[in-house]
Amino acid sequence: MWVNELPFKIAFFMWKIWKGKLPLDDYFRRLGYFMPSKCWCCSNPDEETTTHVFFRSYAARTTWSYFLTNSGIAVQGLSLQQAILKCWTLQVLPRIKPIFQALTSIILWELWKRCNSYKHVDSVSVSRVIYQISSTLQALVKVRKPSIKNVPHKWPDLLKMLEHYTPSLKVTKVLWELPNPGWVKVNTDGVSRGNPGRSSIGFVIRDEEGDVKYALGKETLEVTNSVAEAIAIAIAEALKYCVEHGYTHILLQTNSMMLKNVIEGKCSAPWSVIEYVEEIKEIIQRWNVSVLHIMREGNQLADHLANYALDVGGIEAHNFEQLEVQGRKIVNSDKFQCPYLRIRVARS
């Protein structure tokens, strides 16, 4: 339930806490409604304020102390906002950081649920709040790290496990393969930096020997902010070049599985690429074109050309010698069938 529903709810809930806009007595007082104020969830009631309910009450202090003290964060002297920022900016291992960023939201959510339960005469103990928070953190770790079989429930044990956890790696060999005789292979890629930002395309055409027939890397002003749009432009321009220069048997490779599926009609096209996809489909219907997916590691030359266009400037080459040094190295590596290694954290 938490994984499916919480992102939007918690984002809105956290904004309300940060701005002090939850329907508590201090908020109504700011609106001009003065009334007797009592915190419903305390045995010794105090004024119901955002700070009291979420940080200064006995339940809040006990909950924050349990999770923050076990994380090496001193609670004494902190305000609610400072405690939230401490968790968000704490210097921890990258795999633990998302857990700490979620921690504050989960704590505040459970304290809010407890506060509302008391208003409806349904008491919730502090230990129950800590248990619920620990259960949610445990579920979050299971989703993010499905390869871990036994995720501890207690917060100190969970932290210790994550600190000493060594993820298993999945290594895949990726190979740029030579096309069949009579065919050319076209590798395409696009880059978009920023939102909005500069964008570029890159594509290269190689024959059955792996020799470069044409390569292009250039900045494009047509793209708004979508990498998919940049890749679609690269594919369209590459196919148009092939048609204009008499290449009739074309193996088109892209590292965008989404665009491959769009071109093949397996899924609908995003609005930003519809125009280019229609142009691509028209060419494919008239010529012998096969669209293939390749992992990014095997698409290095097209990726290099697109990035080179932004970092250095446009490049155009009609043969191997006209490429710059790094481009020639990639061509030689592909021609000699040197594999690339794709290393990822195993998901299961």
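Quick caveat: nothing in here was measured; it's all calculated off a predicted structure.
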Output the distance between atom [atom1] ([X]) and atom [atom2] ([Y]), rounded to the nearest 0.5 Å.
X      : Y      : atom1 : atom2 : value
Ile280 : Gln285 : CD1   : CD    : 12.0 Å
Gln132 : Ile107 : CD    : CD1   : 13.5 Å
Gln300 : Ser333 : CD    : OG    : 7.5 Å
Phe54  : Thr50  : CZ    : OG1   : 6.5 Å
Ile130 : Lys154 : CD1   : NZ    : 12.0 Å
Trp271 : Glu229 : CH2   : CD    : 6.5 Å

Members sharing Leu251's hydrophobic cluster (side chains within less than 4.5 Å): Trp183, Leu292
Got more than 12 heavy atoms from elsewhere within 6.0 Å of [atom1], [X]?
X      : atom1 : answer
Glu264 : CD    : yes
Lys86  : NZ    : no
Lys213 : NZ    : no

So, does [X] use its side chain to make a donor-acceptor pair with the main chain of [Y] at under 3.5 Å?
X      : Y      : value
Gln138 : Ser134 : no
Glu279 : Tyr276 : no
Arg198 : Leu310 : yes
Glu208 : Gly182 : yes
Glu324 : Gln326 : yes
Lys185 : Glu177 : yes
Asp157 : Lys160 : no
Arg61  : Arg56  : yes
Ser200 : Ala306 : yes
Arg114 : Ala59  : no

Between [X] and [Y], is any pair of side-chain heavy atoms under 4.5 Å apart?
X      : Y      : answer
Lys19  : Trp15  : yes
Ile73  : Leu90  : yes
Leu103 : Ile99  : no
Glu278 : Glu282 : no
Cys242 : Ile205 : yes
Leu175 : Gln337 : yes
Ile231 : Met258 : no
Val141 : Leu162 : yes

Apply the test side chain to side chain contact (heavy atoms under 4.5 Å, CB included) to residues Trp109 and Ile133: give CA-CA distance (whole Å), side-chain angles for both, the deciding distance (0.1 Å), then the verdict. CA-CA 9 Å; Trp109 183 254; Ile133 295 168; over 6 Å; no
Might you work through the side chain to side chain contact (heavy atoms under 4.5 Å, CB included) test for Tyr131 and Arg128, ending with a clear yes or no? CA-CA 5 Å; Tyr131 178 85; Arg128 181 65 184 174; 3.6 Å; yes
Assess the residue pair Arg206 and Asp211 against the criterion (salt bridge (charged side-chain N to carboxylate O under 4.0 Å, His left out)); give the C-alpha distance rounded to whole Å, side-chain angles, the decisive distance to 0.1 Å, and a yes or no. CA-CA 5 Å; Arg206 284 176 279 187; Asp211 293 326; over 6 Å; no
Passing option when Leu301 is tested against Asp189, Ile330, Asn187 for side-chain contact (heavy atoms from CB on, under 4.5 Å): Ile330
Can you name the nearest heavy-atom pair linking [X] to [Y], along with the distance?
X      : Y      : answer
Leu68  : Ala83  : CD2-CB, 4.3 Å
Val184 : Asp207 : CG1-CA, 4.4 Å
Ala232 : Leu259 : N-CD1, 3.7 Å
Thr188 : Ala238 : CG2-CB, 3.9 Å
Val174 : Met295 : CG2-SD, 3.6 Å
Leu323 : Ala215 : CD2-CB, 4.1 Å

Between Trp64 and Phe55, is the ring centre distance below 6.0 Å?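 Centroid separation for Trp64 and Phe55: below 6.0 Å.
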Any chance the rings of Trp155 and Phe100 have centres within less than 6.0 Å?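 Between Phe100 and Trp155, which both carry aromatic rings, the centre distance is below 6.0 Å.
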Would you say [X] and [Y] are hydrophobically clustered, going by side-chain heavy atoms of ILVMFWY under 4.5 Å?
X      : Y      : answer
Ile294 : Ile284 : no
Val212 : Tyr241 : no
Val273 : Phe203 : yes
Trp18  : Leu111 : yes
Tyr165 : Ile96  : yes

Over 60° means perpendicular and under 30° means parallel, so tell me whether Tyr214 and His245 are parallel, tilted or perpendicular. parallel
Applying ring-ring contact (aromatic ring centres under 6.0 Å, His included) to Trp176 and not counting sequence neighbours gives none
Criterion side chain to side chain contact (heavy atoms under 4.5 Å, CB included) on Lys173 and Arg342, from CA distance to verdict: CA-CA 6 Å; Lys173 184 175 73 172; Arg342 180 183 180 89; over 6 Å; no
[Y] versus [X], side-chain donor and acceptor atoms under 3.5 Å:
X      : Y      : value
Asn299 : Tyr340 : no
Ser135 : His153 : yes
Ser125 : Ser127 : yes

Charged N-O contact under 4.0 Å between [X] and [Y]:
X      : Y      : answer
Glu110 : Lys113 : yes
Glu237 : Lys218 : yes
Lys335 : Glu209 : no

Val75 vs Thr69, test: side chain to side chain contact (heavy atoms under 4.5 Å, CB included). Steps then yes/no. CA-CA 7 Å; Val75 184; Thr69 302; 4.2 Å; yes
